[in-house]
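By convention in this document, chain letters (A, B, ...) are assigned in the order of the sequence lines, proteins followed by strands, and residues within each chain are numbered from 1.
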Amino acid sequence: MSTTSTEISNRFDYESAQPRLLELWNAGGYFHAEPDPQREPFCIVIPPPNVTGALHLGHALNNTLQDTLIRFNRMCGKVALYMPGTDHAGIATQAVVERRLKEKENVTRHDLGREKLVARIWQWKDEYEKRILGQLARLGCSCDWQRTRFTLDDMCARAVRVTFFDLFSKRLIYRGKRLVNWDTFLQTAVSDDEVTTETVQGNFWHLRYPVINPQAGEPEFVLVATTRPETMLGDTAVAVHPDPTAALDAHERELRERLEKSPAAERPAIESQLVALQERRSELLPRLITLANMARAGRSIRLPLLDREIPLVTDTWAKPELGSGCVKITPAHDPNDYEVGMRCKLPMINILNSDGTLNAAAGKYQNLTLKKARQQVVADLDELGLLDRVEDREIELPLSDRSKTPIEPFLADQWFVKMAELAQSAIDAVADGRVNITPARYAKGYTDWLSEKRDWPVSRQLWWGHQIPVWSKSFETLAAAQATLDAVQKHSAYTQGAQIQLEQPPTDDAIADGASQFFLHCCLRDEQHALAAVIESQGFVRESDVLDTWFSSALWPHSTLGWPDKTAELDYFYPTSTLITSRDIITLWVARMVLMGLNNVGEVPFHQVYIHPKILDGFGETMSKSKGNGIDPLDVIDKFGPDALRFAMVHLTTETQDVRLPVQYECPHCQTAIDQTKKNRELPRIECPSCKKSFGTQWATTAEDQALPRGLVISERFEVARNFANKLWNAARFAMMRMEGYTPQAIDVQKLTVEDRWLMSRLATVAAQATAGLQNFAFADTARTLYEFTWQEFCSFYVEMLKDRLNDEAQRPQAQRLLAWALDCILRLLHPIMPFITEEIWQLLKSIAPMRGFDKPVAANPVLITAAWPKLDPAWCDPLIESQFSLFQAALSALREIRARQNIAPRKEVEFVIRCNAEIAAKLQPLASYFPSLAGGQLREIGPNVSIPQPSATFAERDFEIFVDLTGLIDFGAEIKRLEKEHAKIIGAIQGKQSKLGNEKFVASAPAEIVQRERDGVRQLEEQLQTIIVALTALRKN
RNA sequence: GGGCGAUUAGCUCAGUUGGCUAGAGCGCUUGCCUUACAAGCAAGAUGUCGGGGGUUCGAGUCCCUCAUCGCCCACCA
């Protein structure tokens, strides 16, 4: 590409540059990382995005931070590996595809069958993986694409099987019956994390269960209440508190304590509860005591409709202060009842089929749906006179996050990972600092969650995922099981690649649904194991369940590097360097990666975890497609450019807060930005208030609305970053336009001017700050520092000041070299955040000033992506030069302000004097020649004894006073007004300081340095005041 | 109910270990198409730092408390 300076456009055309630059980087193989023992590794694994859909702005933030660190470390000379990939996201993806099939083709997964459905999901995965990887590329993520992984690909699948086998062999995996959250639509168990609750209007049914053979003084009925009356078909007991008196006493104490602590407004409510409690004591307590005694005597209740005899039991779950004090117990369909069932060794009767209809255990209600069964049960009980009453009531309905259908608690066979030891290992890793979490406050949630050490249910009744590598067979007798076990173990294929375990028979009274009591579970390390065929021929059947998607994600840092093989990659890049993720998956993902890494590899998966903020909309709500407030990163890239998106993301990443991003629609007709409100974000079409034309939104469903052009969802917040990119572009453009005749040569240090030394000092400081910032995850600080430096210091001062020298033939060569060098440094500093625009400029600069450098010009690295990160000699940092320059900047501002306030025509040059001490004068003198070009002022005199022009405008600073000669120009009114205001302000400041100094305690206790500072302050302010008074007096005479 | 975080200019946010007259960007006002940039330049206005207590010579910053908002976790027939 041969570009001459004059051809450079005044806008960076990212649209055409992006593909070209990506090709440049790809062709050079710069994203690819190979182990190199000579160099230090740096590795980040991407949190694999779900293949459920396209990336959103949260991903853009996440991935930008990762790539920024990758690029930074690559420039620092490390072998930087950014490992890309996607997650199969089990239930989420299957749910999306199933929903799509239902909508578009009206088929269910049962119509298709397992194989075909899985094939369809693979199609979906291919499509979205491509889309996601494309998005990452357009974000500029310098991922090693050759290593792209998928949590369900062969490599990950092998790691999953080996891990499962290992845990199984260590007896850390077991099968058990557990109550799970059943999604009747997807027909799978979903984890607690995938359940949301919604408050809905429901009913509260009060039922009467007859007591069998009531004796004198005993109640004929027990009264129980439920929000789900159909579950009574699975009742196996009614519970009452073992000691209702004590329980009521305890409750009363608690109420009284609360009464004392509560504010007055809440007291009446508590007091009325206390009154109710007393009523309860007289009316209900005797009856509860009787029932508790009956329970101890082994008495029973008749379960209506099914005519089953069920025991009356005592359990503290039944609270005497609530309802009737009695609770129906349905162990197979309620989590709390399940606990009671375990404690009281109750039978557990499952009344549900997996599709949500009732099974044979429900008697005549078999095959009814839950909804129908509820109506029927209620009607039948009512007819029998056993329905006491019905209340309306708000109830919390658990819903499956994926299918939005109500969750049914359901007893099913599930596989579990024992967490006790594994969790402890992960707790220890953070406690002893092998894993460091930033910000530190997130370590608490991590540790608390792990400390519960709750076993991890890992099986999912899905078709999309890693099928559990276990083959099982049931046996009537232990002997039969043992015989088969012996036979299999004798088989030649039975080697270390297989493990068979005998499942202990369940306790007699626990389960009522299976005849077989003994199970052999054969776990295979490798699916292809010859033993699979053997055991299948013996009647073993493979588990149809798949593993929780987090099981494979937990292995991500080592499975992607080739584990279980001892690959060079694993050896070199593991443990990875930094994990960057969002806080909502610290437990689900981060904790599990730590414990699996420790178990499988024996080392933590990463040393640093950085938790970044979340992006919220202007109302503080999380962005999501379902709300319509989500921003598509590609829309932002189209409108503002990839560098602006990235810079904005880094700029937003502060340590303390989540980030609010007010969202706008962009009218596709006239580009007007329309603020998104909670109302208009739900509309299918919106009329632009400016051009009055309509556009469609993501909610457009009618053909008419869909035909309208779609309005982008964007945020004006990206404008800052876009403007910054433009500024950088034009500064570079200017520099390159003035490079004509450039010759490389070492900088002549003798000829460095004050501003050169100032720039070097600032550059050295800024480079050090940026380095430290990126090392310490101070993303926003780094972005701010670079922004300020580039715009204010480099563009507004240095480049402006350099213009004179560039126009002067004698000074031009060194000025060009300095300019090229400074730009070179800035490009390198900004590259990790803004890769495209900086690389584009680098390429252009290469053809104009290929050799550059400060001490010795060298050929610039062919590409910026692998250029060395700037390291400037700290000796360049010079506080004296910087203070000298600050003085100059203050003088410039003062001069400019006077011009503005006096409304002096821009081209009109004025003359001025500066009154100051000799020391200040000596500092300002060398910069005096810049006043005409930068502020249209000619410095006539400077020093302690200058003659003050009359009439003049005055500006009193701490270190100097400026008087601008305004002969024939002055606006007396404006000047007086402004000085009066200044006068009042200074008086205020003086008073503040004097009252401080008048305080003996302050003078006595504050450090001498602080006291002195206050004294100096007063003196300086008084001098300023004096100047103003003199000026005012003079002006008022006119 | 338990935990975490937030509350600073109209909006979005900075503000290091307490210490000069609390900052930035956007928006607003004024003047400029100054040969890199109007996506720009120069200047200006804008604050009871959520309320109330306390510690201190001194509090946006530390402590207590209240209020509001957000997030995570655990939850009642």
Side-chain angles (χ1 to χ4, degrees), chain A residues 8 10-11 192 197 204-206 224-228 231 239 263 317-319 322-330 334-337 396 439 441-442 444-445 448-449 452 583-584 586-587 614 616 618 620-622 640 644 651-652 654 656-662 715-717 719-738 780-781 784 787-788 795-796 799-800 803 892-893 896-901 903-907 933-936 958 985-986 988-990 992-993 996 999-1007 1009-1011 1013-1014 1016-1017 1020-1021:
Chain A
I8 303 172
N10 70 347
R11 291 283 149 83
D192 291 348
T197 56
F204 202 42
W205 285 270
H206 296 258
V224 294
T226 180
T227 55
R228 298 189 304 150
T231 63
W317 167 242
K319 309 276 184 236
L322 291 174
S324 68
C326 298
V327 193
K328 66 192 265 307
I329 303 297
T330 320
D334 181 280
N336 292 302
D337 292 6
E396 299 289 319
R441 63 174 178 279
Y442 292 116
K444 187 175 156 46
D448 288 352
W449 185 81
E452 291 182 21
R583 78 173 95 86
D584 35 12
I586 294 173
T587 53
K614 296 183 72 149
L616 311 173
E621 295 178 18
T622 48
F640 299 101
H651 194 257
L652 289 175
T654 58
T656 48
Q657 304 223 70
D658 286 345
V659 171
R660 281 190 194 209
L661 211 60
S715 174
E716 288 175 337
R717 255 139 256 246
E719 284 178 7
V720 185
R722 190 257 327 253
N723 295 353
F724 178 56
N726 185 55
K727 187 73 184 177
L728 175 68
W729 180 256
N730 278 288
R733 179 165 163 255
F734 170 80
M736 291 188 282
M737 283 164 65
R738 298 301 184 90
D781 283 352
R784 265 171 238 275
Y787 176 97
E788 286 298 317
C795 291
S796 295
V799 169
E800 289 304 321
K803 282 178 180 172
L892 268 184
S893 295
R896 284 166 172 172
E897 199 207 309
I898 289 171
R899 293 188 62 110
R901 122 169 68 113
N903 233 338
I904 292 165
R907 297 274 168 72
S933 58
L934 296 184
R958 199 181 62 187
K985 205 171 146 190
I986 291 177
I990 290 175
K993 286 183 185 304
K996 239 184 190 179
N999 182 343
E1000 279 173 32
K1001 282 187 184 168
F1002 171 71
V1003 180
S1005 340
E1009 183 193 319
I1010 301 291
V1011 177
R1013 203 187 289 170
E1014 292 298 312
D1016 292 348
Q1020 281 157 356
L1021 285 167

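Heavy atoms of Ala318(A) sit under 4.0 angstrom from at least one base atom. Among the protein residues, Arg717(A) comes within range of the nucleic acid bases, having at least one heavy atom under 4.0 Å from a base atom. At the heavy-atom level, Lys444(A) lies under 4.0 Å from the strands shown only through sugar-phosphate atoms. Counting non-hydrogen atoms under 4.0 angstrom, Asp584(A) reaches nothing in the nucleic acid. Counting any heavy atom pair closer than 4.0 Å across all strands shown, Val720(A) reaches sugar-phosphate atoms only and no base atom.
To the nearest whole angstrom, the two P atoms, one in C69(B) and one in U29(B), are 34 Å apart. The separation of C71(B) from C41(B), taken at their C1' atoms, amounts to 43 Å, rounded to a whole angstrom. Annotation: A22(B) and A9(B) have their C1' atoms spaced 11 Å apart (nearest Å). Comparing G27(B) with A59(B), their C1' atoms are spaced 31 Å from each other, to the whole Å. Rounded to the nearest Å, the gap between the P atom of A42(B) and that of A36(B) is 15 Å. One C1' atom belongs to C62(B), the other to G18(B), and the distance between them is 8 Å to the nearest Å. The separation of U16(B) from C57(B), taken at their P atoms, amounts to 23 Å, rounded to a whole angstrom. Spacing of C1' atoms, U56(B) relative to U61(B), comes out at 13 Å, to the nearest Å.
Note that CZ of Phe734(A) is 7.5 Å distant from CD of Glu800(A), once rounded to the nearest 0.5 Å.
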Using nucleotides 20-22 of chain B, report all nitrogen or oxygen pairs with the protein that are shorter than 3.5 Å.
from   : atom 1 : to        : atom 2 : distance (Å)
C20(B) : O3'    : Lys993(A) : NZ     : 3.0
U21(B) : OP1    : Lys993(A) : NZ     : 2.5

Could you go over nucleotides 35-39 of chain B and give all protein N or O partners under 3.5 Å, atom names and distances?
from   : atom 1 : to        : atom 2 : distance (Å)
A36(B) : OP2    : Arg738(A) : NH2    : 2.9
A36(B) : O3'    : Arg733(A) : NH1    : 3.4
A36(B) : O2'    : Asn730(A) : OD1    : 2.7
A36(B) : O2'    : Arg733(A) : NH1    : 2.4
A36(B) : N7     : Lys803(A) : NZ     : 3.3
A36(B) : N6     : Glu800(A) : OE2    : 2.8
A36(B) : N3     : Asn730(A) : O      : 2.9
A36(B) : N3     : Ala731(A) : N      : 3.2
C37(B) : O4'    : Asn730(A) : OD1    : 3.0
C37(B) : O4'    : Asn730(A) : ND2    : 3.4
C37(B) : O2'    : Asn726(A) : ND2    : 2.9
C37(B) : O2     : Lys727(A) : NZ     : 3.0
C37(B) : N3     : Lys727(A) : NZ     : 2.8
A39(B) : O4'    : Asn723(A) : OD1    : 3.3
A39(B) : O2'    : Asn726(A) : ND2    : 2.5
A39(B) : N7     : Arg11(A)  : NH1    : 2.8
A39(B) : N7     : Arg11(A)  : NH2    : 3.4
A39(B) : N6     : Arg11(A)  : NH1    : 3.3
A39(B) : N3     : Arg722(A) : NE     : 3.2

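Of the possible donor and acceptor atoms, one in the side chain of Asn730(A) sits under 3.5 Å from a partner among the backbone N and O of Asn726(A).
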Pairing of RNA chain B as dot-bracket, 5' to 3': ( ) intra-strand, [ ] crossing, | other strand, . unpaired, with Watson-Crick or G-U pairs under 3.5 Å?
(((((((..((((.....[...)))).(((((.......))))).....(((((..]....))))))))))))....

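Considering only side-chain N and O atoms, Thr654(A) lies nowhere under 4.0 angstrom from the phosphate OP1 or OP2 of C13(B).
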